[in-house]
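In what follows, chains are A, B, ... by sequence order, proteins preceding strands, each numbered from 1.
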Amino acid sequence: MGNIDTGYSSLTEYKESVEKDVKNLVRKKGKEKQERDYIKHSSYAISRIKEEICLLFNNKYDLTGDTKKINISLPPKHIHADLTVSVFDYSKTLRKSPALLARELADFINTSQKKYIESVSANNGYINILINKKEFYSQILSSVLRLGDKYGFSDVYKGKTVLIDYSSPNIAKPFGIGHLRSTVIGQALANLYYAVGYSVIRDNHLGDWGTQFGALIYAYTHWGDEAVIAANPIEELKNLYVRFTEEAREQPALKEEARKLFSQLEQGDEGLVILWKKFRELSLQEFQKTYDRLNVSFDCMLGESFYTEDFNKVIRDLKEKGIAKDSEDGAVIVENLDNLPSFLLQKNDGSTIYILRDVITVMYRKRVFNPDVVLYVVGSEQKLNFQQLFALCKKAGYSGDIKMEHVDFGLVLIGGVKMSTRKGTLVNLDEVLKQVIAKARDLLLEKGELDVSVLNKTSDTIGISSVIYADLKQNRNSNIEFDWQKMLSLESGSSVYLQYTYARIASILTKTNVALPFKKIDPIYFVQDALEFKLAVRLSLFPETVLHSVENNTPHFISAYLEELAAEFNNFYTQVSILKTADSALQKSRIALIAAVATTIRNGLSLLNIPTLSRL
RNA sequence: GCUCCUGUCGUUCAACGGAUAGGACAUAGCCCUCCGAAGGCUGAAAUGCAGGUUCGAUUCCUGCCAGGAGCACCA
């Protein structure tokens, strides 16, 4: 965080100051790991059910005994049951037909002693479960309300460390809607991994090094206008860069100039370092505004510029290991690695190229953070590069047993093709936010009765949320066709639906004078409507959903879950009046239920880095 | 040319190899004197084509078709 303006004036000083920040960070994370309170996953009601099933299965057949492998979910609508477990996996290992196995297991379970399960029935390869409602219901509600904003968290990955490399915008280029994807997916994953017990290092791997800076320096010194830049830094730096690429097309010699300048920068040329530092800081100030709006934060911003030390040593080592070699013109290349296309490591003028800096980054991360997992949240167009990077690091022994994963995502397309800065088809994130906030504001004014002081804040929150949510609700790997109308939609299927549901509940709770969170709920089962119990069962699956989402790096599992939960609540809401419930014990029980729903919606959205409002 | 990704209602997205393929927008209707209608309820509407694997395929394999991305001195 602290390396925006540390007053350095040379590359050496810059790196020293960053090193110091990193040392503090490592200490801080170590301490946090020690002192953090973890919530036992086994304490959740759903875990107890799974354990019971697991035990019963193992009593009948000698199955693996791993609770994690029990596949539990809600049954489809037409099945009358609370939960369902499939036996397909076991049917393969036991070489029995799914239908027969399910029947045998169901019969066995029905004649055994049970605590949480009332009874089961077999259907095809499924075992449909009726739960001991009294026991289960009170356990779920009390755990949601007791844990509050920690409901859904667990200790499953306690002790593990993950480093997440995300956002990583390029200096001197506007923050496009494409970078939003890496930023919001990365931030959601950071929240999710933390929730299941990981120690999380959030690293913004800035694109602040490379030949582009040679180009930028050339453009700046030849065409730059100080006053224009001061007025609108990023826009002007972008214009300079665009002008450079245009002119370089006419005169290829300019590219040579840019390479030369970058090479000099890399060798620490004082004048060039000052320019580079200026570009970097101007950009970071702009980026910070965007991060603040999105409520995104990092533990460190170790850009590419930080990983250039000792690259000759690495090159030498890779050559000795027979992985890299000199090409005829003096560059360094890697050939025949795992059948991947060969690639360049170092240019023939001795300066570094991105993949070499990535290798050094891996080594640094291994040495300093020693993570179990590293996630690269980067677009799918870089898939090949990561295959090459991972293969090289593995072969050279640089990554040890770190699990490195490219969490790729599709492009944001416009008119079916990739957005491009040069073609001017890049949609600026600020522009999107501006419009969506204006739309939210109009809508709020239409609904009336909001005083101006909260109007701005609320429309900001709604607008920004819906942009984040639109991205996170879909599977990462497919391309997104950018569509203004869809982007500006604030109806069902947007974050507003969830925030609206939350606000509805908050409103009821205010009217019943119940402050959230309330600590105690009577452990009595008092359910009149079938929907109440169904809601509770769905609530119990939230911790499972969080885990599932982490295991697949898919934040959209959370949004899907929340939308189903909200829909079920809204249905309940139209059928039952909480305020008019005559029986006071029943009313109390219902209040606890909706409070638990609200808590879960809030927690889920918060994992996606989206805030809730008690009033829209 | 080679490699990878994606083809699902009109549109845009879901669906660990599993039960009747699910939502949203649009569309045809219904529901506010009643806890917030930014809501709820009821319709119509889809797995690119051809084979294969098996108890079962939108999902896995092969071929074809269509769209997108990548393939050394950019990142």
Side-chain angles (χ1 to χ4, degrees), chain A residues 71 73 75-79 84 86 88-89 91 97-99 123-126 128 168 170 207 209-212 215 245 255 258-259 304 327 329-335 339-349 351 353-355 357-358 378-385 387-388 408 410-411 413 416-418 440 443-444 446-447 462 470 473-475 477-481 483 485-486 489-494 496-497 499-501 503-512 548 551-552 556-557 559-560 563-564 566-567 570-581 594 615-616:
Chain A
N71 186 0
S73 59
K77 270 184 242 161
H78 61 279
I79 299 288
T84 187
S86 67
F88 300 111
D89 290 347
S91 98
S97 87
N123 186 346
N124 288 325
Y126 295 94
N128 294 313
S168 314
N170 291 323
W209 207 241
T211 313
Q212 49 170 335
T245 50
K255 281 191 180 169
R259 262 178 233 144
E304 288 189 83
S327 71
D329 64 354
V332 179
I333 57 168
V334 176
E335 285 180 331
N339 287 326
L340 293 165
S342 52
F343 55 96
L344 199 75
L345 272 183
Q346 188 178 27
K347 297 185 231 175
N348 58 14
D349 66 2
S351 59
I353 199 165
Y354 62 92
I355 196 159
R357 299 193 288 272
D358 284 344
V378 180
S380 57
E381 73 269 31
Q382 291 194 32
K383 193 160 190 152
L384 177 59
N385 308 304
Q387 286 175 348
Q388 290 167 331
D408 61 337
L411 300 163
L413 306 175
V417 284
K418 189 180 171 180
L443 216 57
L444 282 170
E446 216 175 275
K447 310 271 173 200
I462 292 175
K473 76 169 284 181
Q474 72 175 277
N475 197 327
N477 55 25
S478 44
N479 294 342
I480 295 183
E481 176 65 37
D483 176 358
Q485 201 194 335
K486 192 178 152 201
S489 152
L490 298 174
E491 304 169 38
S492 289
S494 76
V496 181
Y497 178 71
Q499 284 164 327
Y500 174 76
T501 306
R504 256 184 167 175
I505 297 174
S507 169
I508 299 172
L509 294 177
T510 311
K511 288 180 179 132
T512 53
H548 198 200
E551 279 152 10
N552 296 283
H556 80 279
F557 288 175
S559 65
E563 285 183 32
E564 283 162 13
N570 283 324
N571 186 355
F572 171 67
Y573 172 92
T574 57
Q575 291 181 38
V576 172
S577 173
I578 285 98
L579 292 182
K580 286 185 182 164
T581 301
I594 65 167
R615 207 180 139 195
L616 297 191

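The side chain of A:Tyr573 sits closest to B:rC35 out of B:rC35, B:rA75, B:rC74. Closest to the A:Leu616 side chain, of the nucleotides B:rA69, B:rG36, B:rC71, is B:rG36. Listed nucleotides B:rC35, B:rA14, B:rA72 differ in distance to A:Lys511; the shortest reach to its side chain belongs to B:rC35. The nucleotide whose nearest atom lies closest to any side-chain atom of A:Val496 is, among B:rA38, B:rG40, B:rC13, B:rA38.
Side chain of A:Asn479 to main chain of A:Leu411: a donor-acceptor pair is present (N/O by atom type, distance under 3.5 Å, no hydrogens or angles).
Partner assigned to B:rC55 is B:rG18, using Watson-Crick or G-U wobble distances below 3.5 angstrom. In this structure B:rU47 sits in no base pair that meets the Watson-Crick or G-U test at under 3.5 Å. The base-pairing partner of B:rA24, taking Watson-Crick or G-U wobble contacts with both distances under 3.5 Å, is B:rU11.
Distances shorter than 4.0 Å separate none of the side-chain N or O atoms of A:Arg504 from OP1 or OP2 on B:rG39.
Side-chain contact check for A:Tyr354 versus A:Thr211: every heavy-atom pair is 4.5 Å or farther apart.
Closest non-hydrogen pair, A:Asp408 versus A:Gly379, comes out as CB-C, 4.3 Å.
A donor atom on one side chain and an acceptor atom on the other are not found under 3.5 Å apart for A:Tyr500 and A:Asn570.
Backbone-only engagement by A:Leu384 is indicated by non-hydrogen atom pairs under 4.0 Å involving sugar-phosphate atoms exclusively.
Taking atom P in both B:rC16 and B:rU33, the straight-line distance is 43 Å, to the nearest Å.
Mapping A:Trp209 and A:Lys383 onto RNA chain B by nearest heavy atom places A:Lys383 at the nucleotide closer to the 5' end.
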